[in-house]
Amino acid sequence: KGSNNKSLNATSMETLPDIDKIEDVLSHIQNVQRNCYKLGLKLIKHGEVEFGRKLIANGQVHDNSKFTGFEFRHLFYDSPLLQEAIINHSSTNEHHPECWGGIQHMPQIYLAEMVCDCAARSAEFGSDIRKWFAEVATGKYKFEMDDAVGKNITRFLDLLLSAAFK
């Protein structure tokens, strides 16, 4: 029994940074999942049944790449390869415009998932998601809030951020 405790303690000490990473990733993913559920259900209630179901399903696997390989080792603030990890994540996950060669080429389902992701990050950092889309995302991703992409983002935000109860 004593040797097992030593083994567990040594293992726990060695993996503590990994546990912190996993908790951070899980917390974010759970926030995105809640947003995907909320937006997905509202889309279903508005008659977009398949779209809403697909968004809920996407939420179930959102950011799974963060649990393995290069992303798991480097997608954290203390890594010297953080920027490379961000580029890798953004170019290989379909809810990022970089994966599609630009936001204008994103299928609507991934645009909706991106809105859920950005809204989660905004809540985590205590920032205004509508302001971020209008002032930062438009420049970063080269769209306007009154073009087709911006109107879809606004529609998704309006549904996501509206009151849950009447």
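Computed from a prediction, not measured in an experiment: that's the story for all the values here.
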_Within one Ile-Leu-Val-Met-Phe-Trp-Tyr cluster: Leu39 and Tyr110, side-chain cutoff 4.5 Å_ = yes
_salt bridge (charged side-chain N to carboxylate O under 4.0 Å, His left out) partners for Arg53, two or more places apart_ = Glu50
*Sequence neighbours left out, what pairs pass side chain to side chain donor-acceptor pair (under 3.5 Å) with at least one residue falling in residues 142-153?*
Gln108-Asn152
*Is it the case that Asp117 and His28 place a side-chain donor and acceptor less than 3.5 Å from each other?*
yes
*What pairs with Glu71 under side chain to side chain donor-acceptor pair (under 3.5 Å), at least two apart in sequence or on another chain?*
Ser65, Asn88, His89
*Determine which pairs satisfy salt bridge (Lys or Arg N to Asp or Glu O under 4.0 Å) with at least one residue from residues 124-136, sequence neighbours left out, and list them in order.*
Arg121-Glu124, Arg130-Asp158
*Ile87: what forms a side-chain contact (heavy atoms from CB on, under 4.5 Å) with it, not counting sequence neighbours?*
none
*Distance-minimising heavy-atom pair for Ile44 and Val49*: CG1-O, 3.7 Å
*Could you pull out all residues at least two apart from Tyr141 that satisfy side chain to side chain donor-acceptor pair (under 3.5 Å)?*
none
*Show your working on side chain to side chain contact (heavy atoms under 4.5 Å, CB included) between Ser162 and Lys42 and close with a plain yes or no.*
CA-CA 10 Å; Ser162 66; Lys42 287 191 178 186; 2.5 Å; yes
*Can you see which heavy atom on Gln104 is nearest to which on Val149, and at what distance?*
CA-CG2, 4.1 Å
*Applying salt bridge (Lys or Arg N to Asp or Glu O under 4.0 Å), which residue pairs with at least one partner in residues 54-64 are found, sequence neighbours left out?*
Asp63-Lys66
*Set of residues satisfying side chain to side chain donor-acceptor pair (under 3.5 Å) with respect to Gln30, sequence neighbours excluded*: none
*Go through the structure and list residues passing side-chain contact (heavy atoms from CB on, under 4.5 Å) with Glu23, not counting sequence neighbours.*
Ile19, Asp20
*Tracing side-chain links under 4.5 Å among I, L, V, M, F, W and Y, which residues wind up in one group with Phe70?*
Leu81
*Test side-chain contact (heavy atoms from CB on, under 4.5 Å) applied to Phe67 - qualifying residues, sequence neighbours left out*: Ile22, Val25, Leu26, Ile29, Asn64
*asked:* Suppose we screen for side chain to side chain donor-acceptor pair (under 3.5 Å). Which residues come up paired with Ser91, at least two apart in sequence or across chains?
replied: none
